[in-house]
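Read the structure below first, then the notes.
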Amino acid sequence: MQLLPGFRDFFPDDCARRNYILETWRTVARRYGFVEYDGPVLEPMALYEKKSGGELVGQLFDFTDKGDRHVAMRPEMTPTLARMVAARERDFKKPLKWFCVPQFFRYEKQQRGRLREFYQLNCDIIGEASPAADAELIAVLIDLLRACALGERDFVVRLSSRTAWQEFFAQVGGRPEDEYEFFQIVDKAERLPPEKTDAALAKFGLTAQQVLAFMHSKAATAELAPILADLTARGLGGFVEIDYAIVRGLAYYTGVVFEVFDRGKNERALAGGGRYDKLLSLMSDGQTDLPALGFGMGDVVLANLIHDVPAAQAQLHAWLARERAVDVYVVIAHETRRPEALALVQRLRDAGLRADFPLATAKLGKQFQTAEHLGARHAVLVGDEWPQVKVKTLATRAERLASPDELLSLLTPPKIPVILSGA
RNA sequence: GUGGCCGUAGCUCAAUGGUAGAGUCCCAGAUUGUGAUUCUGGUUGUUGCGGGUUCGAGUCCCGUCGGUCACCCCA
């Protein structure tokens, strides 16, 4: 049996790599005061039809359940979040700073950086309209990547705004109802030949040259300036660039939008998000009307970039080594001492140490080999010396005798790993 | 969904249309109280799958599945 396309088995090593990313996400999000929430993996199909309509339906994993309900595996979090917020909005002080690390499912053809199943960090701030919220959200985004030992030379936040394009469009006489179509053209302007863009813009009386000129003007609008100032005050200004080429495909974005790219442009976007001030009202039929903004960051592209950047890879490997290492491997030199060894293993484990030992009779050399293979810091040899044991520090090959009581105070529990911040 | 390239041992890869191989990994021994290296031996295959051409197909052709890259899309 083979895997379904776009789905992954997580063997222990893969699982550890995944956990590195998820734990880093959770650590940094909490550092910013975001709290974790979650929702169901399976939702009524109608939840997604309401917001997006036909186009996205083809990219859903959907089916009819045994109760004849049309359901879908979740492809994104925003509809669920909107429902949850609308349901109990009054229970929470504003602004809400919520994050989630859901697994998503999208029926798309897989390629580099895109699978049919993936994890995505979602951070959202709800109930705060000021640019301070935009800056806070972008700051946590930057620090999430810095925590993976990625720096200014590795990635950049491209900051833009739908508002800026709305003003541009209004100035040249565009009608608000045509805005979305105009945004779609702008979104593709950089990738398509100018003639095609010209043709598409003709109905608005615009040229590709006009649009591209505005796109590449790096001047911050009155909306973006305070956000940049805020980030600069935090010392994070170097991670952000104004780039009006960022429009984002979705209809619901209302103001600030941004995407994160690797500097080498070898990968797809690492993250993307923006303001969606009208969406909660839309999703709740006007029941809840709160300004909101958020972003999503997937695990697949991030893992690729970590692999690409030596410093990030080194930090990952250091983390993996700490993660998998046992503290003590108990070597049973004589099978007659197995009961004493079992008692010792139990005491070590009760003390919170990661301890392992051979389940089957094995030669001494083999046991040390296993200890080495497991990354054990110490081997404890139970045999002739009993009631004392021989403690060996594998890295230095130093040995000493100790009683089981001494052993326990000798081997202090490991410190909780600290995620180092890369500049 | 459309198109290009690729599918051989767990992994990395060889094999002019003519006997399916190497390295690595894993297991055991050399080494019965100590980890590396080395040496010896061993396990591992429907050559993705199904047809076709041929005396003979891993190799050529068709289909299919999977991977990958680009397009589309990107919540």
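The figures that follow rest on heavy atoms only: side chains count, while hydrogens, waters and symmetry mates do not.
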Can you check salt bridge (charged side-chain N to carboxylate O under 4.0 Å, His left out) on Asp308(A) and Arg263(A), steps first, answer last?
CA-CA 11 Å; Asp308(A) 294 342; Arg263(A) 291 273 189 189; over 6 Å; no
For the side chain of Lys363(A), starting at C-beta, report the closest nucleotide among C74(B), U34(B), U32(B).
U32(B)
Just how far, in rounded Å, is P of C73(B) from CD of Gln184(A)?
8 Å
Both Ala398(A) and Lys366(A) contact RNA chain B. Which one's nearest nucleotide lies toward the 5' end?
Lys366(A)
Separation of C71(B) atom P from Lys196(A) atom NZ, nearest Å, is 13 Å
Could you measure between the two P atoms, the one in C71(B) and the one in A14(B), and give it in whole Å?
28 Å
Spacing of the C1' atoms in U54(B) and G21(B) (rounded, Å):
25 Å
Counting any heavy atom closer than 4.0 Å, what does Gly294(A) reach on the DNA or RNA strands: base, sugar-phosphate only, or nothing?
nothing
Sugar-phosphate only, base, or nothing, as touched by Glu385(A) at under 4.0 Å among non-hydrogen atoms
base
Return yes if a side-chain donor-acceptor contact under 3.5 Å exists between Glu76(A) and Tyr48(A), otherwise no.
no
Between C61(B) and U53(B), how many Å separate the two P atoms, rounded to a whole number?
15 Å
For U19(B) and G66(B), measure between their C1' atoms and round to the nearest Å.
30 Å
Pairing nucleotide - C55(B), Watson-Crick or G-U, each distance under 3.5 Å
G18(B)
Atom CD of Glu267(A) and atom P of C69(B): how far apart are they, to the nearest Å?
9 Å
Mate of G3(B) where both pairing distances stay under 3.5 Å, Watson-Crick or G-U
C69(B)
Closest to the Arg248(A) side chain: U2(B), A75(B), A28(B)?
A75(B)
Roughly how many Å is it from CG in Leu374(A) to C1' in G35(B), rounded to a whole number?
12 Å
Given that both distances must come in under 3.5 Å, which nucleotide forms a Watson-Crick or G-U wobble pair with U47(B)?
none
Side chain of Lys109(A) only, heavy atoms from C-beta on: which candidate in U34(B), G1(B), G35(B) is closest?
G1(B)
Nearest whole Å is fine: how far is C73(B) P from Tyr48(A) OH?
23 Å
Separation between the P atoms of G51(B) and U47(B), rounded to whole Å:
13 Å
Separation of A75(B) atom P from Met73(A) atom CE, nearest Å, is 20 Å
State which of A36(B), A28(B), C69(B) makes the closest approach to the side chain of Gln369(A).
A36(B)
If only side-chain N and O atoms of Lys188(A) are considered, is one of them under 4.0 Å from the OP1 or OP2 phosphate oxygen of C72(B)?
no
Start with the C-alpha distance between Phe63(A) and Phe105(A), add both sets of side-chain angles, then the distance that settles ring pair (Phe, Tyr, Trp, His ring centres under 6.0 Å), and finish with yes or no.
CA-CA 13 Å; Phe63(A) 57 95; Phe105(A) 304 87; over 10 Å; no
Any strand, both distances under 3.5 Å, Watson-Crick or G-U wobble: A28(B) pairs with U40(B)
What's His334(A) touching, base or sugar-phosphate or nothing? Going by heavy atoms closer than 4.0 Å.
base
What is the distance, to the nearest angstrom, from the CD atom on Gln367(A) to the P atom on U32(B)?
14 Å
Quickly work out the Arg337(A) CZ to U32(B) P distance and round it to whole Å.
22 Å
Below 6.0 angstrom between ring centroids: does that apply to Trp98(A) and Phe92(A)?
yes
Just say parallel, tilted or perpendicular for the rings of Tyr32(A) and Phe34(A), cut-offs at 30° and 60°.
tilted
Quick one: label Gln111(A) by what it contacts on the DNA or RNA (base, sugar-phosphate, nothing), any heavy atom closer than 4.0 Å.
base
When you measure from the side chain of Glu179(A) to the backbone of Ala170(A), do you find a donor-acceptor pair of N or O atoms at a distance under 3.5 Å?
no
P gap between G45(B) and G63(B), integer Å:
31 Å
Roughly how many Å apart are U12(B) and C74(B), using the P atom of each and rounding to a whole number?
34 Å
Nearest to side-chain heavy atoms of Pro75(A), which nucleotide of A75(B), C74(B), G1(B)
A75(B)
Across all strands, who's sitting opposite A9(B) as a Watson-Crick or G-U wobble pair, both distances under 3.5 Å?
none
Arg114(A) near the nucleic acid: base, sugar-phosphate alone, or nothing, with a heavy-atom cut-off under 4.0 Å?
base
Who is the Watson-Crick or G-U wobble partner of U34(B), with both distances under 3.5 Å?
none
Determine the contact category for Pro5(A): base if any of its heavy atoms lies under 4.0 Å from a base atom, sugar-phosphate if only primed atoms, P, OP1 or OP2 are that close, otherwise nothing.
sugar-phosphate
Sugar-phosphate only, base, or nothing, as touched by Arg106(A) at under 4.0 Å among non-hydrogen atoms:
base
Judged by each residue's nearest nucleotide on RNA chain B, which is more toward the 5′ side, Lys390(A) or Gln120(A)?
Lys390(A)
Would you check if the distance from the ring center of Phe204(A) to the ring center of Phe169(A) is below 6.0 Å?
yes
Using a 4.0 Å heavy-atom cut-off across all strands, classify Gln110(A) as base, sugar-phosphate, or nothing.
sugar-phosphate
Is any NZ, NE, NH1 or NH2 atom of the basic residue among Arg347(A) and Asp350(A) found under 4.0 Å from an Asp or Glu carboxylate oxygen of the other?
no
Distance, C1' atom - from G67(B) to G48(B), rounded to whole angstrom:
11 Å
